[in-house]
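Just so you know, ligand 1 is whichever comes first in the structure, and atom 1 is the first atom listed for that ligand. These figures come from a predicted structure and were not determined experimentally.
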Amino acid sequence: MLQTVAVLDYGSQYTGLIVRRLRELRVHSRLYSGIVSAEELSREKPAALVLSGGPNSVYDKKSPQCDPGIFQLGLPVLGICYGAQLLAYHLGGKVAPSGIKEYGRAGVRKTHDSLILAGLPDKFDVWMSHGDLVVEPPPGASIILETDACPAAAFQLEEKRFYAVQFHPEVHHTPNGGELLENFLYNVVGLKGDWLMKSFAESSITSLREKIGKNGKVVMGISGGVDSTVAAALISQAIGDNLIGIFVDNGLLRKGEFERVMARYGKRFNIRGIRMGERFLAALRGVTNPEEKRKIIGRVFVDVFQEAANQVEDALFLGQGTLYPDVIESSGGYGSGGAAVIKSHHNVGGLPEKMGFKLVEPLRELFKDEVRELGVAIGIPEDELRRHPFPGPGLAVRIIGEVTPERVTTLQEVDSIVLEEIHAAGWYRKLWQAFAVLLPNASVGVMGDQRTYEAVAALRMVESADGMTADWAELPHDILRRISNRITNEVKGVNRVVYDISSKPPATIEWE
Ligand code: XMP
């Protein structure tokens, strides 16, 4: 069993970061709603609790409160910002609005020795972001840090192993924050630091076996992308051929992708390939609206997947490559105000609940880069783990206007030249994505002595850390020239190539 720290979420924008920092310190951590009951927590047997920050005031009737019972579990607790105020408030201290809202960098001074301050200087900078503050720590507590504006910037109840900090040790702007967290985990809680990808893989395989059982069958949509690849590999290492991967060719894949995935994955696990291109393209006939295209593709995918899954006898479980950020986004936890829908993303994971399967989501706790690390740990080749993201609706959102079989073929040819040249030039790994878009209008050209009137392809090459923001890549001109020449020479029906020099925002990465 991995030792786990439970992080209770009160809506801070930094809660995910706390989880992340603890893992970087080799400790497994798991996120819980801030209102989780003490009873549920004690069943889960965490080694310690961390209470996150949050935008509320502890006295506000509508603010998320912790179950006071969590302080009776005998577990070490670290309260951060709002979490520190909760700790003070529930243990008999006083919290009040601070005269001045403290926001940004502040200098703290040590006022008392503490295990969580071991090795830290007497004065250091921290990141503050709060309206209320603890004006009176709970009875028996000692103040360990102060600032000019915040007399109890940190306090402790040493015997109970309760610690509270008004600032945010999890953000980079608190340079000593990592050490403080490390002190809490190792000096106070006495953890071993057993979170390594290899041990995570082993413990996931064991718990997948327990959950699915000896004869349980899992069906899973495979996309060829990193997440579903790693999730499927892990499940198959747990249950072997009782995992049935379903790979749907929607007719909108990259050139040769179906054959490639079937050949490569077929060696690794049980996979069924289903060619349904005609059905998708028939449903898309005459449709030009981007959102409508996405919805149609999503709908047909669900139907096709359901039909394929029905053919698997006794399948009880549905495998999905859901990641931690997806879980946080969709949990609607405190503070996650419904973000506006920019595009209705469709993924192979986007299957409705009504299908009646039990979910198996072995990557639920991981961030994207951790998925890659896990992939390496379970033996997936590096080049597969470095593949660029490819949207669920595939080339349909890169064909502006109507999606016809001819236009799909044209874009597949253009796209494969782009990828070939980007690989050959050694740029693939430097880019987040590199692809082509087929525009709806024709442009005039000249070929030999003939006037031509043919399609335009736009190249989109971006650098990005997470797809949320992106910059167009400053690709050397000779590579662009080679790509352009090859496209206009080799692909029938395209006489012009343009380069997209828009960043995200305001543009998005995909054109639709
Ligand atoms: P945008 O175009 O919103 O894309 O800047 C951000 C990232 O998401 C990918 N993307 C999708 N992925 N289903 C997916 O699985 C979709 O419908 C979809 N739309 C965009 C896009 O390729 C980029 O990496």
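- Classification of R30 and E365 as a salt-bridged pair holds, one side-chain N sitting under 4.0 Å from a carboxylate O.
- A parallel orientation is assigned to the rings of H28 and W195, their planes being inclined by less than 30° (bins at 30° and 60°).
- Between E257 and R260, at least one side-chain nitrogen of the basic residue sits less than 4.0 Å from a carboxylate oxygen of the acidic one, meeting the salt-bridge criterion.
- Closest heavy-atom approach to atom 6 (C) of ligand 1 among the candidates M468, K504, E510: K504.
- At a heavy-atom distance under 4.0 Å, only side-chain atoms of P393, from C-beta outward, approach ligand 1.
- Remark: ligand 1 and P391 share no N or O pair separated by less than 3.5 Å (distance only, no angle test).
- In terms of polar-atom proximity, R398 is not counted as a contact of ligand 1, lacking any N or O under 3.5 Å from an N or O of the ligand.
- Of the candidates Q433, K293, R460, R294, it is Q433 that places a heavy atom closest to atom 23 (C) of ligand 1.
- The shortest separation from a heavy atom of W432 to ligand 1 is under 4.0 Å, placing the residue in contact.
- Ion pairing between R294 and E510 fails under the 4.0 Å rule for side-chain N and carboxylate O.
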What verdict does the side chain to side chain donor-acceptor pair (under 3.5 Å) test give for S52 and S12, after you've listed the backbone C-alpha separation in whole Å, the side-chain angles of each residue and the deciding distance to 0.1 Å? CA-CA 7 Å; S52 87; S12 162; 5.4 Å; no
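- The shortest N or O to N or O distance between G467 and ligand 1 is not under 3.5 Å.
- Because its NZ or CZ atom is not both nearer than 6.0 Å to the ring centre of F390 and within 45° of the ring axis, R254 does not count as a cation-pi partner of that residue.
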